[in-house]
Amino acid sequence: MKNTIITKDQIQAAAQAAYEKSKDIKGGVNAHYIPYLANINPDLFGLSVTLPDGTVYNYGDTEYKFGIESVSKVPTAILVMRQQGPEAVLKNIGADATGLPFNSIYAILLENDHPSTPLVNAGAISACSMVLPAGDSDAKWKAITDNITDLCGSAPELIDELYKSESETNFNNRAISWLLKDYNRIYDDVPMSLDLYTRQCSLGITASQLSAMAATIASGGINPLTKKRIFDEVISPKITSLIATVGFYQHTGDWLYTSGIPAKSGVGGGVLGVLPGKLGIAAFAPPLDDAGNSVKAQAAVKAFVEKLHLGVFDTVNPVIQY
Ligand code: GLN
């Protein structure tokens with residue numbers, strides 16, 4: 001197995017090239033089932049890379065606050081692991097791929113024992129129900145947002161209009177919550193757990209913040225911007241394995257096969273990618289493919305990883321020189 005050395009300049013050049021190569025890609029449509037998201041400018045596009053030494057390379061609209069949506073499932077799964085340990089997530093929710101869309105009720109029926117994973121809607125609502133302290137919505141919300149602030153090194157901001165838009169239209173998620181209750185997989189008040197999930201999906205976040213979060217995961221729990229230890233390093237491989245297994249829903253296998261990077265998407269257009277021990281990357285562009293994954297963000301992340309042979313299955317395994 002050969003080990004190549006790559007420099008920070010090469011990383012910067014690859015990020016810039018990936019941005020330029022992807023910026024004119026057409027295809028995909030904004031999420032249409034959430035009215036707020038349907039109306040976001042589809043031409044917005046940003047790419048951000050954060051290294052463990054705190055260096056950040058930003059291209060395009062990396063300071064635009066978009067709806068974090070399903071990428072929020074990652075920090076809340078981390079929060080539950082921080083509070084109760086990785087085993088509690090495995091036992092109460094699961095760590096399996098569903099192979100089905102993110103909001104699938106069929107997936108729950110097929111596996112009535114567990115909601116499968118905290119990275120699909122069912123498991124994420126279940127994860128919100130597990131957040132401590134039980135029974136106190138305000139305190140739980142504070143824990144959820146403080147955790148995201150820790151991971152990013154800066155605070156997310158609720159997009160009120162998105163929260164309203166989602167709360168008024170989340171009928172499928174209401175069905176999921178009550179079905180899970182029937183299977184004893186909601187560990188707190190049901191409407192409260194669903195509301196926390198809906199609210200966390202409505203947080204505004206930037207691509208730059210998401211790449212810092214990704215880099216914190218890649219660095220074993222140390223935030224490269226604040227230098228603070230956010231979580232125990234045993235959590236990193238656990239959350240990254242969940243991301244690798246189901247991060248792109250029914251397209252996760254195709255994604256991993258073609259890109260080689262564990263990544264999580266959200267219908268707001270964000271993608272967060274983790275290269276363990278190496279770096280964090282995030283991209284944002286609203287138009288989505290049929291599974292709800294950003295078309296342009298996928299292209300950009302893929303181009304970056306490919307250029308430097310950074311894929312987790314790539315035998316080149318480059319070492320970054322500092
Ligand atoms: N809030 C969205 C939902 O529950 C999140 C879905 C996603 O980003 N894939 O449907």
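Atoms within a ligand are numbered from 1 in the order they appear, just like the ligands themselves. Given the structure is predicted, the values throughout are model-derived calculations rather than measurements.
A side-chain donor-acceptor contact under 3.5 Å links Gln298 and Asp289. A donor-acceptor contact under 3.5 angstrom links the side chains of Asn58 and Ser48, judged on distance only. With 3.5 Å as the limit, one finds no donor-acceptor pair spanning the side chains of Asn103 and Tyr249. For the 3.5 Å distance criterion, the side chains of Tyr197 and Asn121 qualify, holding a donor opposite an acceptor. No hydrogens or angles considered: nothing links the side chains of Thr62 and Ser208 as a donor-acceptor pair under 3.5 Å. Using a 3.5 Å distance cut-off with no hydrogens or angles, the side chains of Glu166 and Thr198 do not pair a donor with an acceptor. Using a 3.5 Å distance cut-off with no hydrogens or angles, the side chains of Asp9 and Thr7 do not pair a donor with an acceptor.
For ligand 1, the polar-atom distance check finds an N/O of Glu69 within less than 3.5 Å of one of the ligand's N/O atoms.
For ligand 1, the atoms lying closer than 4.0 Å to a non-hydrogen atom of Ser70 are 5 (C), 6 (C), 7 (C), 8 (O), 9 (N). If you number the atoms of ligand 1 from 1 as listed, the ones under 4.0 Å from a heavy atom of Cys201 come out as 1 (N). For ligand 1, the atoms lying closer than 4.0 Å to a non-hydrogen atom of Gly266 are 8 (O). Close contacts of ligand 1 with Glu166, meaning ligand atoms under 4.0 Å from a residue heavy atom, involve 1 (N), 2 (C).
Considering only non-hydrogen atoms, atom 4 (O) of ligand 1 lies nearest to Tyr197 out of Phe102, Tyr33, Tyr197.
Under 4.0 angstrom from ligand 1, the non-hydrogen atoms of Val267 come from both its backbone and its side chain. The proximity of Asn173 to ligand 1, defined as any non-hydrogen pair under 4.0 Å, is limited to the side chain.
Residue Asn121 places a heavy atom less than 4.0 Å from ligand 1.
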